[in-house]
Q: 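Sharing a structure below in structure tokens format, with a few things to ask.
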Amino acid sequence: MLVQGVSLPEPLQIAGKKPWEIRHLDTLELWKFGDYKHYTRLELLAAVFGIPTSKEDLDGSQVNTTFHLEKDINRIKKYCRKDVEVTARVYLAMHPQLDEMELEMVHLEDSPKDHKD
């Protein structure tokens, strides 16, 4: 976000904060149950809970090429939005007490920078 000139939203401004002051959760932290693993793929978590993957058209390893060579920002935005939706669905699956919550995707207006040539 910062590289593209997009300001970080307040919940992501974590520099200098103590762990208990950070307001977001990492699905890895929720999934590792005290283990010392350093990485669990979102795709694996989604599969475990029967959630369709966000990696249908693109995955994280292809974003660099898609941006720099293909210049297809819309494809990247679609992938990122789907990733956020899958992450939210995984979070809700890991918290069955929140079962009555409904997930609503809200697409904010595109940044003027998205339309820059």
Side-chain angles (χ1 to χ4, degrees):
M1 291 175 71
L2 294 174
V3 169
Q4 294 301 315
V6 177
S7 297
L8 289 177
E10 189 274 327
L12 296 181
Q13 295 176 17
I14 61 173
K17 290 191 177 180
K18 296 171 179 61
W20 56 87
E21 295 174 326
I22 298 173
R23 297 184 356 207
H24 69 271
L25 296 173
D26 187 330
T27 51
L28 173 62
E29 293 299 321
L30 295 172
W31 185 250
K32 67 183 186 179
F33 302 105
D35 195 359
Y36 292 101
K37 48 181 116 146
H38 298 288
Y39 189 74
T40 299
R41 295 177 57 93
L42 179 60
E43 188 173 15
L44 171 64
L45 291 175
V48 165
F49 291 109
I51 298 166
T53 182
S54 56
K55 317 299 185 205
E56 298 164 341
D57 175 48
L58 192 66
D59 70 46
S61 70
Q62 299 167 307
V63 170
N64 186 35
T65 301
T66 304
F67 180 78
H68 291 288
L69 298 181
E70 299 172 25
K71 310 251 187 261
D72 193 349
I73 192 77
N74 287 324
R75 188 171 168 210
I76 295 169
K77 286 194 304 189
K78 181 180 174 189
Y79 160 70
C80 289
R81 286 176 177 153
K82 184 74 172 163
D83 234 23
V84 169
E85 181 180 352
V86 170
T87 301
R89 291 188 187 285
V90 166
Y91 177 82
L92 291 174
M94 295 174 103
H95 294 82
Q97 70 274 18
L98 303 176
D99 194 34
E100 68 277 358
M101 290 182 69
E102 288 190 27
L103 190 60
E104 178 185 0
M105 291 295 292
V106 177
H107 297 256
L108 302 176
E109 283 187 40
D110 292 338
S111 163
K113 192 162 188 165
D114 290 345
H115 303 287
K116 200 174 188 183
D117 290 330

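Quick note: numbers below take in every heavy atom, side chains included, and nothing from hydrogens, waters or symmetry partners. Computed from a predicted structure; not experimentally measured. In this chain, residues are counted from 1 in sequence order.
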Q: Shortest non-hydrogen contact from V86 to A46?
A: CG1-CB, 3.8 Å
Q: For T66 and N64: C-alpha separation, side-chain torsions, deciding distance, then whether side chain to side chain contact (heavy atoms under 4.5 Å, CB included) applies.
A: CA-CA 5 Å; T66 304; N64 186 35; over 6 Å; no
Q: Which residues pass the side chain to side chain contact (heavy atoms under 4.5 Å, CB included) test with F67, not counting sequence neighbours?
A: Q4, I73, I76
Q: Rounded to the nearest 0.5 Å, what's the gap from CG on L58 to NZ on K78? Could you check?
A: 10.0 Å
Q: So how far is it from T53 OG1 to D83 CG, rounded to the nearest 0.5 Å?
A: 8.0 Å
Q: Can you list everything that forms a side chain to side chain donor-acceptor pair (under 3.5 Å) with S61? Sequence neighbours excluded, please.
A: D59
Q: Using the test side chain to side chain donor-acceptor pair (under 3.5 Å), find all partners of K17 that sit at least two apart in sequence or belong to another chain.
A: E10
Q: Under a 4.0 Å threshold between the charged nitrogen and the carboxylate oxygen, would R81 count as salt-bridged to E85?
A: no
Q: How long is the straight-line distance from OH of Y79 back to NZ of K82, given to the nearest 0.5 Å?
A: 12.0 Å
Q: Can you list the residues that meet the side chain to side chain donor-acceptor pair (under 3.5 Å) rule with Q62, with sequence neighbours excluded?
A: none
Q: Residues in salt bridge (charged side-chain N to carboxylate O under 4.0 Å, His left out) with R75, at least two apart?
A: D57, E70
Q: Quick one: list whatever passes side chain to side chain contact (heavy atoms under 4.5 Å, CB included) with A93, sequence neighbours left out.
A: F49, I51
Q: Can you find a pair of side-chain heavy atoms, one from N74 and one from D72, that are under 4.5 Å apart?
A: yes
